[in-house]
Amino acid sequence: MKILLLGSGGRESALAWKISQSPLCEKLYIAPGNGGTDQYGENVAMSALDFESIEKFVAEKGVDMIVVGNEDPLVAGIQDYFAEKAGNVLVVGPSAAGAALEGSKDFAKEFMTSLGIPTARYRSFTAETLADGEAFLETLEAPYVLKADGLAAGKGVLILPTIEEAKASLREMLGGMFGKSSATVVIEEFLSGIECSVFVLTDGNGGYRILPVAKDYKRIGEGDKGPNTGGMGAVSPVVFADEEFMAKVKSRIIEPTIRGLKERNITYRGFIFLGLINVGGEPMVIEYNVRMGDPETEAVMLRIDSDLVEAMAAAARGNLGDTEMRISDEPAVTVMAVSAGYPGSYEKGKLISGLEKVGNGTIAFHAGTKKTENGETVTSGGRVIAFSSRGTTIEDALGKSFAAIEAVDFEGKNYRRDIGRDLLNYTR
Ligand code: AMP
Ligand code: GLY
């Protein structure tokens, strides 16, 4: 098969690494890719949102399958575009109607509520219903959770400690704080617990496979302090996502989700990412995403021993049948090296050295990197490289990733030394 992978982050590096190992993969293109994805396939300078160029490229090269890494092209309708223009090309990812599970928080909440899927109590408001929104806030207890309805580059969720701040933020959001994305705001009850990410590959016809469960570390600072980032590291498995917890996830969340999509005639053949929170042993949905997680994928891919291309192609054809998803018992972790200043402003173009010293057992998945004209690898983003390792234990895997991250250098390198520590100390 000829495969085109869309995206340019650490997630796409990990997907490219995994795809390139498949005996079914005859040729892999990554658009636009980054300074490391060319180890696994051919980078193509093309935007994931430029559907016409992608269509031309796919026709020219005889691409059989498109794997969509990030949500933007899905929300913009890439699956629908190809279904209409080139129905023989497989697309791994939902239709725009399905991608609304991530693209509209209001839709996702309405969907969950109508299916009885456990999630925080909520209501949605617009500028016209601001007063009702303020009144609804009065019925909740602090802290207050406000979410922009639309995509806001991961920044659209505000958690406010006081009712005054919550009301002020509601006014600002409805007044255009996130442009059109916050023209509708979801206000919801605050849930307290530990989060985890569950990934499901579905064929849209009732078939699905659960991928390894992971936990990501969102805050910049150790001990989960400071502002949110795209993610500073991840570990898999997650100790509390045991058989009992996952049985609840299946029956209360995954199966109703898949049934709900089918009942609404929504085409969904691809990954569903359930952002869950464990509230006293009960899984509740914080959010849906319609793609794999970043940096979770950089750990999750290391634990999949079966052929992911076979599984993705079967899902995209609408029939997972008895396709296997074989998962290793060995844990995997990823630790992200980031630029000084991230998630605020940071400099780019810093020379990255020592990549050749990364030992066996660790993979340096490039995220924000690029190659210069003379072949040097330099930083080009906030999250620079995800150092991913599998080990006999989480500590063992972390030891390998930390050793690798120490061997590689660039000016201003920063990372969290406490990835996974909360799970190592976790008691029920
Ligand atoms: P989201 O963009 O929906 O993933 O929200 C970002 C983060 O905000 C989540 O990962 C949670 O840590 C937090 N969050 C969102 N909704 C809630 C909630 N209802 N209760 C507590 N924390 C929440
Ligand atoms: N790691 C969270 C996300 O990809 O949205």
Side-chain angles (χ1 to χ4, degrees), residues 4 6-7 47-52 54-55 58 65-117 119 122 124 126 147-154 156 178-186 198-209 253-275 285-293 312-320:
L4 170 63
L6 300 178
S47 157
L49 286 168
D50 181 356
F51 298 170
E52 277 178 25
I54 296 172
E55 185 194 352
V58 161
M65 178 161 81
I66 303 174
V67 180
V68 188
N70 67 322
E71 65 277 15
D72 291 333
L74 294 166
V75 172
I78 191 165
Q79 190 278 338
D80 313 71
Y81 184 95
F82 277 91
E84 192 191 315
K85 303 251 185 175
N88 57 330
V89 178
L90 297 173
V91 176
V92 182
S95 62
L101 282 181
E102 176 166 359
S104 166
K105 304 249 186 223
D106 179 49
F107 170 70
K109 296 296 287 190
E110 182 273 317
F111 180 83
M112 286 187 269
T113 311
S114 74
L115 290 155
I117 293 172
T119 187
Y122 85 107
S124 300
T126 61
K147 300 185 173 185
D149 173 51
L151 294 181
F178 300 104
K180 270 202 315 217
S181 288
S182 63
T184 296
V185 172
V186 169
V198 172
F199 302 100
V200 179
L201 177 65
T202 180
D203 63 11
N205 281 310
Y208 70 90
R209 297 288 181 278
I253 300 170
I254 297 175
E255 283 164 11
T257 297
I258 288 173
R259 194 175 63 240
L261 290 166
K262 201 150 173 58
E263 277 167 12
R264 294 182 187 213
N265 288 320
I266 294 174
T267 302
Y268 202 120
R269 297 188 289 260
F271 295 103
I272 309 176
F273 167 165
L274 304 166
V285 180
I286 291 274
E287 64 168 348
Y288 285 109
N289 294 307
V290 298
R291 49 169 174 86
M292 291 295 293
M312 290 192 297
R317 286 191 188 102
N319 184 10
L320 270 165

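FYI, side chains are in, hydrogens and waters are out, and symmetry mates aren't considered; it's all heavy atoms of this structure.
- Taking a cutoff of 4.0 Å between a charged side-chain nitrogen and a carboxylate oxygen, Glu102 and Arg291 qualify as a salt bridge.
- Atom OH of Tyr288 sits about 8.0 Å away from atom OG1 of Thr119, to the nearest 0.5 Å.
- Using modelled atom types, no side-chain atom of Ser181 and backbone atom of Ala148 make a donor-acceptor pair closer than 3.5 Å.
- Of the possible donor and acceptor atoms, one in the side chain of Asp203 sits under 3.5 Å from a partner among the backbone N and O of Leu320.
- Closest non-hydrogen pair, Pro256 versus Leu115, comes out as O-CD1, 3.7 Å.
- When only modelled atom types and interatomic distance are considered, Asp106 and Thr184 share no side-chain donor-acceptor pair under 3.5 Å.
- Taking the side chain as every heavy atom from C-beta outward, Tyr208 and Thr257 never approach each other to under 4.5 Å.
- Between Lys262 and Asn205 there is a side-chain heavy-atom pair separated by less than 4.5 Å.
- Closest heavy-atom contact between Ser47 and Ile54: O-CD1, 3.6 Å.
- Between Gly77 and Ala96, the shortest heavy-atom contact is CA-CB, 3.9 Å.
- With rounding to the nearest 0.5 Å, the separation of CD1 in Ile266 from CZ in Phe111 is 6.0 Å.
- Looking at heavy atoms from C-beta onward, Val91 lies out of side-chain contact with Tyr81 at the 4.5 angstrom threshold.
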task: Show the numbers, then the answer: is there a side-chain contact (heavy atoms from CB on, under 4.5 Å) between Ile286 and Lys147?
output: CA-CA 11 Å; Ile286 291 274; Lys147 300 185 173 185; 4.1 Å; yes
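- Once rounded to the nearest 0.5 Å, the distance linking CG of Leu101 with CZ of Phe273 reads 13.0 Å.
- Here the closest non-hydrogen pair linking Arg317 and Arg269 is C-CD, 4.3 Å.
- Here the closest non-hydrogen pair linking Ala97 and Phe107 is O-CE2, 4.1 Å.
- The shortest distance between side-chain heavy atoms of Asn289 and Glu71 does not fall below 4.5 Å.
- Tyr268 and Gln79 share no side-chain donor-acceptor pair at under 3.5 Å.
- Here CD1 of Ile253 is found 12.0 Å from CD1 of Ile258. Values are rounded to the nearest 0.5 Å.
- To the nearest 0.5 Å, atom CG of residue Leu6 and atom CZ of residue Phe51 are 9.0 Å apart.
- Put simply, the side chain of Ser114 reaches to within 4.5 Å of the side chain of Arg264, judged on heavy atoms.
- Nearest heavy atoms, Val75 versus Gly103: CG2-CA, 4.2 Å.
- Under the 4.5 Å side-chain criterion, counting only non-hydrogen atoms from C-beta, Thr202 is not in contact with Leu261.
- A donor-acceptor pair is defined here as one N or O able to donate and one able to accept, closer than 3.5 Å; such a pair exists between the side chain of Thr113 and the backbone of Lys109.
- For the atom pair Ile78 CD1 and Asp50 CG, the distance stands at 9.5 Å (nearest 0.5 Å).
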